[in-house]
Every structure is written in C-alpha cells, then in structure tokens.
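Taking it in order: structure first as structure tokens, then the write-up.
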Amino acid sequence: FFMKKTLLILLCIVALGVVVFAVSSKTKSTAPIVVPSDQVAEPVKSDIESASSNTVGTSTMYNASVSFVGYGPGKQHTGTISNTTSTVSDTTTGKLTGSIDVDMTTLSSDTEKLTEHLKTADFFDVVKYPTAKFIFTSNTDTTATGNLTVHGVTKSVTVPFTKNATGYESTFTIDMSEFGIEQTFANEEVTVTIALTK
C-alpha cells in the first residue's frame, strides 16, 4: 500500500511538472502588444463627408489582407484569412477612414487539424461569430485607432500603422482573452498583420 501511494504521488508530481513546463514554455510574440480599451469611439468621417469648403483631399481606396501568428509551447503557427472586404481610404491630408471586414470562416493555418480547431468554440467559434471587423476612428502618421470586433466583443485599440510604397502595414499582438477567448496550453497572444494595398 505504501509503495502504491508513493508511486501515485510521484506520478502526480511528474504530471504537474509537465503542465507547468508546457504553460511556462509558451512562445511569446515580439510585436508590439496592444492594450484594448472598452471605450469605443464613433467612426471618423471622410474628408468629403466632413468638408466645410470646396477643398477636399483626393481619396485613394485600399484592399486589405490579413495574416497571423499563433503561439504554443515551444512552437508557433502561421495563418491567413482569405476573404476580407475593405472600404478603407486615405486622402492627401493623411486621414484614414473606412473599415475592414474579415470573414473568419475563411481562416486557414499551416495545418488542417489546427485550422479546424481554430474555427470551433474552443477558439474563434466562426459559426456563431463569422465576422471580425476593424473600423478606423482616428490616426496619426504612425498609428491608427479603431474599434476592433472579434468573437462578438468590441474594443478600441491603437496599433502601429506605417505607410510604405504600396499602401500601409500594421503588425501588432493582441491578447485574445481580452475578447473572451481563453486557453490553457496555447498562448492567448496572437500577432496580426494587416496590409492595405492599392
């Protein structure tokens, strides 16, 4: 009896050690971490909508693409979302307006098994929440602020957003537990890259 009890205790200690190691070994992102706010703002109006004179900046429309990196114990997975709808435009005055709608049912990762798992209620629950959305509310030369909706939760976020030769790009990390998605073995952090191209 004593030997069985000792063996059981040892097995419990080993199991606990494996769990602690797995959780503590989650790979972390190096991209800027975004801290969401519950204070959502009204979408910014375009120069044409808010103009009080005849002088209005020329508008340029952009297509959007979305990719992501997810993190687990000692590893990471990449993925894309293939179906996005963009109404984003900017003007010669540097104002970004519009929104990006993301069809979460078109989410795809680097393994088929993970792709299917990410679509379940364990993660993004794409049947219940088929669309994610980002609506611009303001911007500077280096950041964009907007209302981000994921998993049915909307929060205001400010992300780095830099202009390049083809448009704009932003890479940032969000903690999905802020949007009601919590995990034990996977890291809730997801690094998202949004590219806007003409």
Side-chain angles (χ1 to χ4, degrees), residues 15-43 64-85 99-139 142-162 169-195:
L16 180 61
V18 169
V19 170
V20 170
F21 175 77
V23 172
S24 64
S25 299
K26 293 176 183 176
T27 303
K28 292 285 187 178
S29 164
T30 57
I33 296 178
V34 168
V35 180
S37 166
D38 292 328
Q39 302 296 319
V40 296
E42 288 294 319
S65 63
V66 177
S67 59
F68 63 89
V69 180
Y71 305 92
K75 59 185 176 181
Q76 64 184 42
H77 291 280
T78 59
T80 59
I81 301 172
S82 59
N83 189 7
T84 61
T85 302
S99 64
I100 303 167
D101 287 81
V102 179
D103 182 354
M104 296 299 290
T105 66
T106 65
L107 178 155
S108 178
S109 75
D110 50 14
T111 69
E112 184 177 351
K113 184 176 181 180
L114 178 59
T115 296
E116 294 307 313
H117 194 192
L118 289 174
K119 292 180 179 182
T120 70
D122 288 345
F123 287 93
F124 294 102
D125 199 356
V126 301
V127 172
K128 189 174 182 180
Y129 308 108
T131 305
K133 191 180 187 78
F134 184 85
I135 304 175
F136 285 90
T137 57
S138 64
N139 71 280
T142 58
T143 64
T145 299
N147 297 328
L148 176 64
T149 301
V150 178
H151 198 245
V153 178
T154 301
K155 292 179 179 284
S156 177
V157 298
T158 297
V159 300
F161 228 100
T162 56
E169 184 168 292
S170 176
T171 298
F172 56 93
T173 296
I174 53 177
D175 184 341
M176 296 313 301
S177 65
E178 296 275 359
F179 295 86
I181 302 173
E182 297 187 5
Q183 290 293 304
T184 302
F185 293 103
N187 195 325
E188 285 91 351
E189 289 184 358
V190 177
T191 297
V192 178
T193 296
I194 300 173

Suppose we screen for ring-ring contact (aromatic ring centres under 6.0 Å, His included). Which residues come up paired with Phe134, at least two apart in sequence or across chains?
Phe136
Leu148 versus Ile174: any side-chain heavy-atom pair under 4.5 Å?
yes
How many angstroms lie between atom CG of Asp175 and atom CD1 of Ile33, to the nearest 0.5 angstrom?
8.0 Å
Would you compute the distance between atom CD1 of Ile135 and atom CG of Asn147 and round it to the nearest 0.5 angstrom?
6.0 Å
For a side chain to side chain contact (heavy atoms under 4.5 Å, CB included) check, start with the C-alpha distance between Ser156 and Thr145, then their side-chain angles and the critical distance, and finish with the verdict.
CA-CA 7 Å; Ser156 177; Thr145 299; 3.8 Å; yes
With sequence neighbours excluded, what pairs up with Phe123 under the ring-ring contact (aromatic ring centres under 6.0 Å, His included) test?
His117
For the residue pair Phe179 and Val153, what are the closest heavy atoms and their distance?
CD2-O, 3.5 Å
Taking side-chain hydrogen bond (donor to acceptor under 3.5 Å, both in side chains) as the definition, give me every residue that meets it alongside Thr143, ordered by chain and number, with sequence neighbours left out.
Thr140
Can you tell me how far CD of Glu116 sits from OG of Ser109, rounded to the nearest 0.5 angstrom?
9.0 Å
CG (Asp103) and OG1 (Thr84) are apart, to the nearest 0.5 Å, by 9.5 Å
Results of ring-ring contact (aromatic ring centres under 6.0 Å, His included) for His151 - residues two or more places apart only:
Tyr129
For the residue pair Thr80 / Ser108, report whether a side-chain donor-acceptor contact shorter than 3.5 Å exists.
no
Check against side chain to side chain contact (heavy atoms under 4.5 Å, CB included), Lys119 and Thr105
CA-CA 7 Å; Lys119 292 180 179 182; Thr105 66; 5.5 Å; no
With a 4.5 Å limit on heavy-atom distance, are the side chains of Leu107 and Phe124 in contact?
yes
Output all residues satisfying salt bridge (Lys or Arg N to Asp or Glu O under 4.0 Å) with Lys155, sequence neighbours left out; order by chain, then residue number.
Asp38
With Thr131, which residues qualify under side-chain contact (heavy atoms from CB on, under 4.5 Å), at least two apart?
Asp101
